[in-house]
Amino acid sequence: MHGIENILQQLAGMQWSDYLDIALVAFLIYRLLPLIKTPSTVRVARAVVTVVVIAALTDALNLYTLNYILNQFLAVGILALVVLFQPELRRMLDHLGSVKLKTLFGSSKPLQEMEAVIDQTVMACEIMSRERVGALIVFARESRLEEIIRTGTTIDGQVSEQLIRNIFFTNASLHDGAMIIRDGRITAAGCVLPLSGSDRLSADLGTRHRAGVGISETSDAVVVIVSEETGTISVATDGMLKRHLAPQTLQRLLRNALCPEDPDQKEKLFSTKLVKKLAHVAKEKNDHED
């Protein structure tokens, strides 16, 4: 009870600047969390939260020895995290350092342009699948993939079916690397991706598929893979691989991942439906009274 009174007293003593400060911090956390959210960082966060909860429970239950050990672990925990998760932390800082203000404040590529990019990509993948031409296409989202882009050749070209096929042509010099599409443009090609070490992947998958899954494990990228041996089209997201996709399925998956519905449009649609519903109810009521 005394704690609640202290909280109420503190709230009563807060000024408008305090509320503004809290709102800005909350907004920044809300916008920055998606930029650093990867499967690796999520696992780290879960481990840290678990240790903190267990430490609190041991303190409440008076388990002094275990509580002392956990407190000592937490005391050096930050240093241990820096040492153990150096690659993940470096990628997080790279993402934050390269993110643009327009991304931070929520603006993105116009929906029409992204749909055109997806259409061109699907057409290219359909032809390459039929001709047994291998391809590895990475769509960067919140993670900017600067470190990956530096391993390849800068292109900065408009996405087109012809350009994609030319880059992955069997005798082309950039054929074996990955293409990075960012902000609706082909940013680079011939890029080197980290290979996944997951034992859940089928043994018959080659380097191209393991590289696609690998980058999806360490970032929020969406990866399209065309098998050179079978022509099979696959998509990797969040460390998961979906195989044997038809072009129509590929197009639907890419649209769902890269063209999310506009929240403002949803609100407008909901408001319109609500107004129509209220008008219909009022009309029925009037008809009933007449």
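No experiment lies behind these values; they were computed from the predicted model shown.
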- Item | Ile181/Val117 under side chain to side chain contact (heavy atoms under 4.5 Å, CB included): CA gap, chis, key distance, verdict | CA-CA 9 Å; Ile181 297 179; Val117 168; 4.3 Å; yes
- Query: When you measure from the side chain of Thr249 to the backbone N and O of Leu245, does any donor-acceptor pair fall under 3.5 Å?
  - Reply: no
- Backbone of Leu145 reached by a side-chain donor or acceptor of Ser143 within 3.5 Å: no
- Message: Checking Ile233 against Met128 for the side chain to side chain contact (heavy atoms under 4.5 Å, CB included) test, could you report, in this order, the C-alpha distance in whole Å, the side-chain angles of both residues, the deciding distance, and whether it holds?
- Response: CA-CA 9 Å; Ile233 300 175; Met128 291 187 294; over 6 Å; no
- Under the salt bridge (charged side-chain N to carboxylate O under 4.0 Å, His left out) test, which residues partner Arg130, sequence neighbours left out? none
- Query: Sub-3.5 Å donor-acceptor pair from the side chain of Arg141 to the main-chain atoms of Ala257, do we have one?
  - Reply: yes
- Is there a side-chain contact between Arg165 and Val133, using heavy atoms and a 4.5 Å cut-off? no
- Check step by step if side chain to side chain contact (heavy atoms under 4.5 Å, CB included) holds for Val213 and Ser198. CA-CA 9 Å; Val213 175; Ser198 175; 5.5 Å; no
- Item | Ser160 side chain to Gln120 side chain, donor-acceptor N/O pair below 3.5 angstrom | no
- With the side chain counted from C-beta on, respond yes when Ile148 and Pro194 share a heavy-atom pair under 4.5 Å apart, and no when they do not. yes
- Is there side-chain contact between Glu131 and Ile127, with at least one heavy-atom pair below 4.5 Å? yes
- Between atom CZ of Arg210 and atom OG of Ser196, what is the distance when rounded to the nearest 0.5 Å? 6.5 Å
- Note on the structure: Correct closest heavy-atom pair for Arg144 and Ala140 would be O-CB, 4.5 Å
- Message: Using the rule that Ile, Leu, Val, Met, Phe, Trp and Tyr join whenever any side-chain heavy atoms are under 4.5 Å apart, tell me whether Leu201 and Ile215 fall into a single cluster.
- Response: yes
- Query: Do the non-hydrogen side-chain atoms of Ile180 and Phe139 ever get within less than 4.5 Å of each other?
  - Reply: no
- Between atom CD of Gln248 and atom CG of Leu253, what is the distance when rounded to the nearest 0.5 Å? 11.5 Å
- Query: Do the non-hydrogen side-chain atoms of Glu115 and Cys259 ever get within less than 4.5 Å of each other?
  - Reply: yes
- Message: For Asp156 and Thr154, which I'm curious about, is there any donor-acceptor pair between the side chains at under 3.5 Å?
- Response: no
- Item | CD1 on Ile118 to CD on Gln251, rounded to 0.5 Å | 7.5 Å
- Report yes if some heavy atom in the side chain of Glu146 is under 4.5 Å from a heavy atom in the side chain of Arg182; otherwise report no. yes
- Message: If you define the side chain from C-beta out and look only at heavy atoms, does anything of Val159 sit under 4.5 Å from Thr121?
- Response: yes
- Is Val52 reachable from Ile54 through a run of hydrophobic residues whose side-chain heavy atoms are each under 4.5 Å from the next? yes
- Polar side-chain atom of Asn256 near backbone of Arg252 as donor-acceptor pair, under 3.5 Å: yes
Donor-acceptor list for residues 222-232 side chains, cut-off 3.5 Å, not counting sequence neighbours:
{"from": "Ser227", "atom 1": "OG", "to": "Glu229", "atom 2": "N", "distance (Å)": "3.3"}
{"from": "Ser227", "atom 1": "OG", "to": "Glu229", "atom 2": "OE1", "distance (Å)": "3.4"}
{"from": "Ser227", "atom 1": "OG", "to": "Thr230", "atom 2": "N", "distance (Å)": "3.2"}
{"from": "Ser227", "atom 1": "OG", "to": "Thr230", "atom 2": "OG1", "distance (Å)": "3.2"}
{"from": "Thr230", "atom 1": "OG1", "to": "Thr232", "atom 2": "N", "distance (Å)": "3.3"}
{"from": "Thr230", "atom 1": "OG1", "to": "Thr232", "atom 2": "OG1", "distance (Å)": "2.9"}

- Note, Met179 side chain near Leu136 side chain (heavy atom, < 4.5 Å): no
- Task: Answer yes or no: is there a donor N or O on one side and an acceptor on the other, between the side chain of Ser216 and the main chain of Gly239, under 3.5 Å?
- Result: yes
- Check whether Met123 and Leu163 end up in the same hydrophobic cluster, where Ile, Leu, Val, Met, Phe, Trp and Tyr are linked by side-chain heavy atoms less than 4.5 Å apart. no
- Query: Does Gln162 CD have over 12 foreign heavy atoms under 6.0 Å away?
  - Reply: yes
- Item | Evaluation steps, side chain to side chain contact (heavy atoms under 4.5 Å, CB included), between Ile155 and Leu174 | CA-CA 11 Å; Ile155 302 293; Leu174 302 177; 4.2 Å; yes
- Looking only at atom types and distance, does a side-chain atom of Asn67 sit under 3.5 Å from a main-chain N or O of Leu63, one as donor and one as acceptor? no
- Message: Which heavy atom of Glu147 sits nearest to which heavy atom of Thr151, and what is that distance?
- Response: O-CG2, 3.5 Å
